[in-house]
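Below, chains carry the letters A, B, ... as their sequence lines are ordered, and counting in each starts from 1. What you are looking at is a predicted structure, and each value in this text was computed from that prediction instead of being measured.
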Amino acid sequence: MKGTRVICLLAFIITFFVVSNLHAQSDPWDVLYKGAKGEGKVILQLGTPTEEFKPVIDAFEKRFSGVKIEPLRATGPSMISRVVTESAAGNVSVDVAFANFLWVRPLLDRDLLIKEDWKKFGNVDRSAILLDGRLLTQYGFSNVIIYNTNLVSPSKIPRKWEDLINPEWKGQIAIPQTQIAVSVVLDIWDEGKAVKYLEALGKQNLVVESGANMTLPRCANGEVALADTIMSQIPTWKEKGSPIEVAPISPQWDSPFGLYSLKRSPHPNAARLLMAWLITPEGQAAMKKTGRGLSSPCNASAPAQIYCDKGIKLIQVDNVEKAVRQDKLIEKARTILGLKPPS
Amino acid sequence: MISILRAGKLIWAISIGAAVYLVASPLLMLLFGSLRSTKERLPFEATCFTLENYIRVFASSATYQLFINSLWYAAGSIALCTVLSVTLAWLLERTTVPWRPLLVALVIAPMGLPGIVNALSWVLLANPNNGWINIILRNLFGLSPPGPLNIYSVPGMIMVTAVRATPGMYLLISATFSRLDPSLEEASSMAGARGWTTFRRVTLPLLRPGILAAIIFYFILFIEVFDIPALLGLPKRIFVLSTAVFEAMHPRQGLADYGLASGYAGLTVLVALGFIYLYSRAVRGQSRFAVVTGKGYRPRLIELGRWRYVAAGMVLLYFFLAVALPFFILVWASLLRYYQVPSLKGMHQLTLGNYVTAFTNRELVRAALNTFWVAVIAATGIIFIATIISWLSIRRPFRGSSLPDRFTFVIFGVPGVVIAMALVFIYIPLPWFYGSIWILAIAMMTRFLPYITRLTEPALLQVHPELEEASAVSGVSWLQTMGRVVLPLIKPALARGWLWVFVQVLTETGIAVMLFVMNNDTISVRLWIAWFEDAMPSYASAIAVLLMVVSGVITYFVARWTLLGEKHGKGNIA
């Protein structure tokens, strides 16, 4: 009798350990984490200063000890040509990178992106999963018109698109070559009116920058009074005390900005671990601390709150078809404004 | 054991092989890319050869407008740069201008500045809306904005480019000035010719090979320079060839248009070939320019009398425009959290935060070390190869020995960013090479080799062959003759060349940005990222200030050691 009890107890203990081990092995997070630890790091492309992503880096490394995030500084568009070239040579230098629908198209055409069933990880935001698991939304990449509060009095603040062609703004508007906010008029107005407007804007002696992130400093330093820029950097610059404010010009483009990884990335497990974590509530909270987040609803992020406060409506570009249409409108605006390089 | 005789021939073979490989490999890849890639396909993705890219380039009227813009920009820059550098070289090498060592160091100091640093400082100084100089002029003369100065213009680009390039050109032609035998000028004076006549009919013809060499290769440099036209031309959509290439390689989305970039590069190669021909005609008859012969001479200086302090003032004015003013505005910008025009109000917001960030930034320290090693490797390698192939070209010990030197010219007109693109395609399958500082060193050597041969050739032209013949007749080998006779005589030119390459590597931005992968960043890459990608002009200004200080100090000490080590001004004064 006593021997039977001992045997039963031993069987129970053995069964307990076997079952719990089996459970551990089947947990996708654990499997991935184990693989990532073996790799030791994940190389993440960043198009902005590394310090801005410190909340994400610190939170990830604390959560997954033994896996470091190594930032790689490069802009999103330049990354595309680079990863296509590197993939063809079998020598990819990045694990995870950021892109929107349009930037990622050459990679889709060449079937270079990993495709993962992210839902199996549980506790992930399923609405962030796009393109059949190839792109995971992180934050909104949205436009805005800003003004320098030292150069623009409250009575002169532009409140609608038409205000930008006032003669007093001649030589005082900085505009990017990429992601031009003003191209939205081609979507909301009839073509005749929009073309006439853009032609008038093109005669405003615009100061042209290569990217939307560069127009903001020109406005902040007082070189120009107005700038067409992107929203994500506004909170950081305002924190520095720079004299910029968002003009309530509406509507504005908003498109999701997401993460992708490549089939030949050097640390595939770590790449998947990072991407999966960033669409969990914990990862999204860390991303919010960088000042980034979705552009709506109002409480989604600091930029979203600004849009609500200013009453700015957003035109969502949330699928490939809309992104292609937006791209055509931006190209048309570039042509009318005289921004295209010679060719 | 290799005999001394064979060692010499081995050195010839290595130098020729290295020169040909450095030039041929990117050229062949460039040609391949121009015939294979299309707007949406990389060279090795496309399935057939095509002339589409050349048709796009040569059949487009936009190309010719680009070409004319580039020529005007280059011509204006070279004209202003030549006036400045010849004046400075004459004052500092041939006259009794006071404080010469200090003034030489001040003239050369700006060499270490990347063009992007000059350009962004002049944006802050002379942009038509809130440039500091414009604000001062408006307050002084009651003018209204914008202007009166507008740095976003071709004259603005020319001014910044010429002022920036003057030290380099000075360095190249000052060796020629310092080696001139003044007895020829004395003979002219004794025959009754006035100073200007002597300068025009005796001095200038003797200096012609050196000055022409400098003009030609700086003209080509200005055709392909990128950073200054990018910062000062693009905001007003003023395109030149280099910025058109950059736009093709960095589209706002999609793949880089390598085919178009290669097509534009083909156009600049044709221009370079034209200039090679002109240069060859200009320097025919080498012995006419030999001024260092077996006969002895002592350099003599021209007495300026009471004009010597005016002359010193002119040099100091150049330094003020080239260095002091840009330095001040960058220091000001670097001490602010966000830039604002210099004012008393702004003084209350000064902070050292950007410098704290810079000094604690591991990436910046790594970039500094990378920059140093790339510069040392490239400068040393280039001087070695250039000296040998120039000697082979001038002395012609065997048939076809001038071909390697002529061949290096072909890469002359190829923009640095296109060279870098070609090297990416060549070395990307080699993970230990791609993304390392070695690919940077190779790219820099490819880029600057043809420039240095334009320096070593005139230097060797000035050494009469009779000196080497005398050595050979005495039974000394070629290697020993080079080491004991030729190299000591051309040491000033070699030192200048080494220094020139060193600082060009410090400041080269296009190649470094193109080849940057992860850990092979240079200082100019970090500056580029801070300004263009992070949009942090104040932090970028802090990096620029540190770079100015470090490069200025390095240039000052190297200049003292190499250029001012020769005894000067100790002979009789004319």
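Checked against side-chain contact (heavy atoms from CB on, under 4.5 Å), A:Ser153 has the following partners two or more places apart in sequence or in another chain: A:Ser155, A:Lys156. With sequence neighbours left out, A:Pro49 forms a side-chain contact (heavy atoms from CB on, under 4.5 Å) with A:Glu51, A:Glu52, B:Asp534, B:Met536.
The minimum heavy-atom distance linking B:Tyr338 with A:Ala220 is given by the pair CD1-O, 4.1 Å. Here the shortest heavy-atom pairing between B:Trp531 and A:Met214 reads O-SD, 2.8 Å. Nearest heavy-atom pair across B:Tyr152 and A:Glu223 is OH-OE2, 2.5 Å.
For residues 226-236 of chain B, the interface with chain A (any heavy-atom pair closer than 4.5 Å) comprises B:Leu234, B:Pro235, B:Lys236, sorted by residue number.
In this structure, chain B has a heavy atom under 4.5 Å from the backbone of A:Pro71, while its side chain stays farther away. Using a 4.5 Å cut-off between heavy atoms, A:Thr75 contacts chain B through both its backbone and its side chain. Contacts between A:Gln45 and chain B at a heavy-atom distance below 4.5 Å are absent for every atom of the residue. Neither the backbone nor the side chain of A:Arg105 comes within contact range of chain B, judged by heavy atoms closer than 4.5 Å. Using a 4.5 Å cut-off between heavy atoms, B:Val513 does not touch chain A at all. Using a 4.5 Å cut-off between heavy atoms, A:Asn205 touches chain B through backbone and side chain atoms alike.
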Given side-chain contact (heavy atoms from CB on, under 4.5 Å), test B:Tyr258 with A:Thr85 step by step and report yes or no.
-> CA-CA 11 Å; B:Tyr258 296 118; A:Thr85 309; 3.8 Å; yes

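The list of salt bridge (charged side-chain N to carboxylate O under 4.0 Å, His left out) pairs with a residue in residues 59-70 of chain B, not counting sequence neighbours, is empty.
Heavy-atom pairs under 4.5 Å with chain A peak, among B:Val525, B:Thr243, B:Ile529, B:Asn127, at B:Asn127.
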